[in-house]
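Let me begin by presenting the structure, written as structure tokens, before commenting on it.
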Amino acid sequence: MGLSLATIVPGVASPHAEYPVPPSDPSVMDNYFGKEVADPYRPLENDTASATMEWVKAENKVTEDYLSRIPFREDIRKRLTALNNYKKTGLPSKEKDGKYYFFANDGLQSQSVLYRSDRPDGEREMFLDPNALSEDGTVALQSISFSNDGRLMAYVISRSGSDWNEIYVMDTRTGELLADHLEWTKFTGVDWEGNGFYYSAYPRPEKGKEYSNANENHQIYYHRIGQPQELDMLAYEDKDHPLHFHSAYVPESEDYLFVIGGGEGNGNSLMFKPLKKIGGWKVIEPSQDYRIGIIDVKGDTAIVLTNFGAPKNRLMAIDLSNPSPENWRELIGEGEGVMTGVELAGPDRMIVEYEKDASSHAAVYDREGKFIREIEFPTFGSVAFSTDKKSGETYYSLTSFVYPSAIFAYNVETGESRFVSAPEIADVNMEDYVTEQVFYPSADGTMIPMFITYKKGLERDGKKPVYLYGYGGFNVSLPPGFSPNRMLWLENGGIYAQANLRGGGEYGEPWHLAGTKLNKLNVFNDFIAAAEYMIREGWTSPDMLVMEGGSNGGLLVGATANIRPDLFKVAIPRVGVMDMMRYHLFTIGWNWAHDYGTSADSEEMADYLLGYSPIHNIKNDGTPYPSILVTTADHDDRVVPAHSFKYAATLQAANTGDAPKLIRIDSKAGHGAGKPIGKVIDEYTDIYSFIYENLGLTPKKK
């Protein structure tokens, strides 16, 4: 039984159109600690059912009919294609066969290609082209790993954006593919030992439910080169905790097997056993209350980056013969910024990365933790390093909002940075734009940082279009970064604002926890305060405000639209977590409980989630909502498309004014990682077309 049809009144792009009738069951009711909650669109959770597939097809037709009538849609597509068509080169990495490997893209290739050379500036040789693995560019290379003798390279791929992975093996001398092929791996690395490697996998899923059923019993296997997968040795499992993740780490010496456990807390457990001696498992940390990341193992000493006893992290040395925390030795203590990474550069140097006010910084230390110097960067932004712990050869990339990723060579002995390369984008002068960082008060007085990027000389007349982006969760920081698609917005006089909300990792674990569970409303308040700041400071008005976010950021947009529909003109919730009462029942949704809590935890937690869950708080009283374009994809097994399906169906059935409420459902795509450039351009073409149409603006041709 379906609900009655609702109608939309788009802008000039199309006449009235009817929304499709979704499959529904009004009798579906859940009971949360005595409170009955209806879930009439429960049938949409079955993404392979014929009724759901027909609804998806009908929704896409309505959306495409709307977008196809926007007169400047193809102009946007052409400009985005031109903006993306520039050469991109990744950091070189010296691997164990002595060659330098790096990724590069000539411009519009669906996936970047893996090249290698004998010298950093030598002639490049194509080693692995992911574009040859599928006809439509939807097979993406997730990671590569070299055997310790450099003879073999394992590579991990995903298909159509799914989190499911496959592993293949190549001979680095000949480039030939071996017969080894592993399936149904997930959230896995490849850690070599002897004539094989360790990897993580789930049991083969039920046919037809590969992208929706909950994933349980993550196991670690050892694969011996040349043997079929069914003969792989089970190296570790934890039957008592079926919802935990498990990943392996083997140091280059191959002396130990470490197992990192996650999925329950805000950190990870850590245990190990010897591989060359007789001995059982030793536990370094049994809980998942703290993060412990292994940087290196030399002899019987492990160097780890941890927030144990240090909310902003510190570097510690652990004697593996006596690994209890009271025996750990501090190498570098907690500082003002959040320590985010450590790279070994040469036999006696370390590069320590840290984050301060959402921007990357780095310094050189010796191996015992003595400070040597700060590394100076030409602008604030995001930095990534590639080092060689034997020679000290070091490279880093630097990117910011109007600074495409540039590569520098760094001398750890002298402190000299040498420019290597930077991309050039046709018809764009980055000097025309500026980024500033501001701090604004949230509802409780907490000061929140935000980056604002715009064209120099822009007048604050209260009428400029603002694109506000946020995330606010899972200890994830939002540092500056470059997007060619964003340049279309900036060159048309738009302002891009990126708010560093609580729930992220910008200021360590306290900042993260301040946006989790019963503090989650802080995140929405921080985002609302960002919009109010942009209005108060004379940049814009509610009629020119756009908000966008993906995944946990999609939840942010959906919840904010319910709380303050008057504050925004357009909302773009992408691949969002929209049903907070049932999110933990799909694929790896249970892994988000440490940030969200679940509706089964307690009556207080269930009531709190129900109070902001986007699906359950859509107004139905005629309150005007922003124009909303929901996006999702059929192979998203991270945040299953049922979230967006149910949200869109509920939104379309509610009385929220005349602004359009559409959903765009991509095919052969997932949560976002590895999406081919053509699909990225198509998606942003539709997003920008929808935004400009509903702001009443026409982007200029170029």
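A heavy-atom distance below 4.5 Å is not found between the side chains of Gln111 and Ile157. The side-chain heavy atoms of Val190 and Ile167, taken from C-beta on, include a pair separated by under 4.5 Å. Annotation: side chain of Arg418 is not in contact with side chain of Asn411 (no heavy-atom distance under 4.5 Å). Using a 4.5 Å heavy-atom cutoff, the side chains of Tyr199 and Asp232 are in contact.
Ring pair Tyr115/Tyr100: centre-to-centre distance not below 6.0 Å. Aromatic ring centres of Trp192 and Phe146 lie farther apart than the 6.0 Å criterion allows. Taking the six-membered ring for Trp and the full ring otherwise, Trp590 and Tyr583 have centroids separated by 6.0 Å or more. Close placement of the Tyr101 and Phe127 rings is indicated, their centers lying within 6.0 Å of each other. Centroid-to-centroid, the aromatic rings of Tyr236 and Tyr198 stay 6.0 Å apart or farther.
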Asn591 vs His584, side-chain hydrogen bond (donor to acceptor under 3.5 Å, both in side chains): CA-CA, chis, key distance, verdict: CA-CA 7 Å; Asn591 177 51; His584 57 290; over 6 Å; no
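Between Phe451 and Phe401, the two ring planes are tilted [angle within 30° to 60°]. The aromatic rings of Trp592 and Tyr596 stand perpendicular to each other, their planes meeting at an angle above 60°, with 30° marking the opposite boundary. Aromatic ring pairs are classed by plane angle as parallel below 30°, tilted from 30° to 60° and perpendicular above 60°; the pair Tyr365 and Phe371 is perpendicular.
Side-chain atoms of Asn313 do not come within 3.5 Å of backbone N or O of Thr340 as any donor-acceptor pair. Although no hydrogens or angles enter the test, the distance criterion places no donor-acceptor pair under 3.5 Å between the side chain of Lys273 and the main chain of Phe258. Checking side-chain atoms of Gln498 against main-chain N and O of Pro479 turns up a donor-acceptor pair under 3.5 Å.
A salt bridge links Glu252 to Lys389: one of the charged nitrogens lies within less than 4.0 Å of a carboxylate oxygen. Of the charged side-chain nitrogens involved, none lies within less than 4.0 Å of a carboxylate oxygen, so that Lys186 and Asp163 do not count as a salt-bridged pair. Checked for salt-bridge contact, Arg116 and Glu125 meet the test: a charged N lies under 4.0 Å from a carboxylate O. Electrostatic pairing of Asp255 and Lys276 counts as a salt bridge here, judged by a charged N lying under 4.0 Å from a carboxylate O.
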